2 protein chains.
Amino acid sequence: MPELDAIDRKILALLQTDSRLTMQELADKVGLSVSPCHRRVKLLEERGVITRYIATVDQKALGLHVSVFISIKLARQKEEDLNRFARAISKWDEVLECYLMTGNRDYLLRVVAADLSSYEAFLKNKLTRLDGIASIESSFALSQVKYSIALPV
Amino acid sequence: MPELDAIDRKILALLQTDSRLTMQELADKVGLSVSPCHRRVKLLEERGVITRYIATVDQKALGLHVSVFISIKLARQKEEDLNRFARAISKWDEVLECYLMTGNRDYLLRVVAADLSSYEAFLKNKLTRLDGIASIESSFALSQVKYSIALPV
DNA sequence: CGATGAATTGGTAAAATATCCCAATATTGG
DNA sequence: CCAATATTGGGATATTTTACCAATTCATCG
């Protein structure tokens with residue numbers, strides 16, 4: 001796996017901000033002509049450094065006014081229990097992020113919902129119906145101060 | 001602000017997954033021809049429903065092996081204190097997410113770093129140097145079970 | 001230093017795609 | 001049922017991506 005040089009990193013920084021740049025614009029910004037710039041981007045895709053291209057959507061515009069962080073402890077932490085939990089979580093579109101954590105909780109989830117009652121529905125119909133959950137604790141976000149997808153390069 | 005109909009929502013769901021679909025492919029999938037599909041996408045952009053187009057990058061490929069959630073309490077919670085904190089946080093690339101929270105902490109941050117020592121450097125050189133912070137508590141993520149940018153439509 | 005080979009670059013042309021215009025169709029309100 | 005409005009579909013044009021090949025740069029070794 002060849003290292004990423006300064007130009008690769010600049011390409012990544014730019015595409016993480018705006019993937020609709022044309023190859024010409026991107027090439028100008030990184031100081032290359034179109035051909036080598038294009039080849040670098042393709043290589044970054046093939047190597048799995050660039051994983052996908054997506055559109056981002058405004059949460060408010062979709063009417064998703066509630067963001068919740070949920071701390072979860074499982075009754076047991078055997079691999080089988082963890083896998084079962086991970087599989088269930090992954091199916092649900094409301095769960096945007098889920099992390100296996102150190103410390104006194106097992107999982108931390110970020111969930112979005114239209115309002116409190118639909119969040120309640122998510123809890124009642126989905127999360128609390130899972131087996132093997134010892135405790136659930138919800139923390140509500142009042143506002144999103146920062147949300148970025150761009151990893152530091 | 002006109003409502004989003006079923007086709008709009010399908011377009012959003014698809015573009016949140018893959019923004020490199022051609023208009024022809026997108027049109028086929030939503031059951032329209034290219035022209036109206038294209039016009040709908042442009043309208044979604046103009047209305048601010050689609051906010052941007054970006055490339056996503058593999059965290060491991062960049063060598064960012066550490067993900068941390070940080071709970072922060074401020075000494076005071078006046079608007080001015082909150083704004084000052086928000087401005088500082090927003091400048092730092094390591095901070096991918098920051099939420100103002102209900103409950104016993106004021107902020108929840110998600111931070112990425114290459115390793116523990118660079119996380120330590122972030123704490124020492126940046127976060128702990130901010131005025132007005134009453135407490136900082138780090139929780140480490142062992143693994144990312146799910147990470148999605150696609151909001152449910 | 002200079003020569004050799006490998007890797008990277010840049011220009012050009014062809015193919016694919018986005019974008020715009022206008023006529024045709026469908027939808028809404030009276 | 002009709003008129004007015006909004007939405008759709010097709011085709012022409014402009015833009016962009018992509019592939020190819022020669023030229024340049026870079027690193028290595030004698």
Side-chain angles (χ1 to χ4, degrees), chain A residues 1-64 114 148-153, chain B residues 1-58 60-64 114 149-153:
Chain A
M1 183 92 158
E3 270 305 300
L4 302 172
D5 67 10
I7 296 180
D8 288 329
R9 289 176 186 278
K10 200 162 181 185
I11 289 173
L12 291 175
L14 288 164
L15 290 182
Q16 282 191 111
T17 300
D18 180 7
S19 66
R20 280 296 172 93
L21 290 169
T22 65
M23 277 298 158
Q24 186 65 64
E25 291 168 328
L26 187 62
D28 290 347
K29 283 176 196 283
V30 303
L32 284 177
S33 66
V34 170
S35 297
C37 185
H38 179 256
R39 207 172 50 80
R40 276 169 183 263
V41 171
K42 289 298 152 198
L43 272 174
L44 290 168
E45 292 168 4
E46 284 165 22
R47 284 199 250 158
V49 180
I50 294 174
T51 48
R52 52 206 320 211
Y53 294 90
I54 62 163
T56 62
V57 171
D58 186 68
Q59 193 172 330
K60 293 259 171 66
L62 292 181
L64 298 168
S148 170
I149 293 126
L151 298 168
V153 295
Chain B
M1 182 92 159
E3 269 307 299
L4 301 172
D5 67 10
I7 295 180
D8 288 329
R9 290 177 185 277
K10 200 161 181 185
I11 289 173
L12 291 175
L14 288 164
L15 290 181
Q16 282 191 112
T17 300
D18 181 6
S19 66
R20 281 295 174 92
L21 289 169
T22 66
M23 277 298 158
Q24 186 63 63
E25 291 168 328
L26 187 63
D28 289 347
K29 282 174 195 285
V30 303
L32 284 177
S33 66
V34 171
S35 297
C37 185
H38 180 257
R39 207 172 50 80
R40 277 169 183 263
V41 171
K42 289 299 152 198
L43 271 174
L44 290 168
E45 292 169 6
E46 284 165 22
R47 286 199 248 157
V49 180
I50 294 174
T51 48
R52 53 207 317 213
Y53 295 90
I54 62 164
T56 61
V57 171
D58 185 68
K60 292 261 172 64
L62 292 181
L64 298 167
I149 293 125
L151 298 168
V153 295

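Everything quoted here is computed from the prediction, not taken from an experiment. Throughout, protein chains are lettered first and strands after them, A, B, ... in sequence-line order, and every chain is numbered starting at 1. Values below: every heavy atom of this structure, side chains too, minus hydrogens, waters and symmetry copies.
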Touch class at under 4.0 angstrom, heavy-atom based, for S35(B) against every strand present:
base

Main-chain N/O of D18(B) paired to R52(A) side chain as donor or acceptor, under 3.5 Å
no

R40(B) has a side chain; which of dC20(D), dT8(D), dT17(D) sits nearest to it?
dT8(D)

S33(B) (side chain) and dG10(D) (base): donor-acceptor pair under 3.5 Å:
no

Nearest-Å distance for atom pair CE/C1', residues M23(A) and dT9(C):
15 Å

Note: for L32(A) and K42(B) on DNA chain C, the residue whose nearest nucleotide lies more 5' is L32(A)

In whole angstroms, the gap separating P of dA18(C) from CD of E45(B) amounts to 12 Å

Check: K10(B) side chain, K29(B) main-chain N or O, donor-acceptor pair, under 3.5 Å:
yes

Chi angles and distances behind the side-chain contact (heavy atoms from CB on, under 4.5 Å) call for R40(B), D5(B)
CA-CA 11 Å; R40(B) 277 169 183 263; D5(B) 67 10; 3.0 Å; yes

Whole-Å gap separating C1' (dT8(D)) and CD1 (I7(B))
10 Å

To the nearest Å, give me how far apart CZ (R20(A)) and P (dT15(D)) are.
17 Å

Gap between atoms CD1 and P, on I11(A) and dT8(C) respectively (whole Å):
13 Å

Please check if the side chain of Q16(B) supplies one atom and the backbone of L151(B) the other of a donor-acceptor pair under 3.5 Å.
yes

Nearest-angstrom distance from the residue atom CG of L26(B) to P of dT8(D):
13 Å

Measure CG/L21(B) against C1'/dT17(C) and give the value in whole Å, please.
13 Å

Atom CG of L43(B) and atom C1' of dC20(C) are separated, to the nearest Å, by 15 Å

State whether H38(B) places a side-chain N or O below 4.0 Å from either non-bridging phosphate oxygen (OP1 or OP2) of dT19(C).
yes

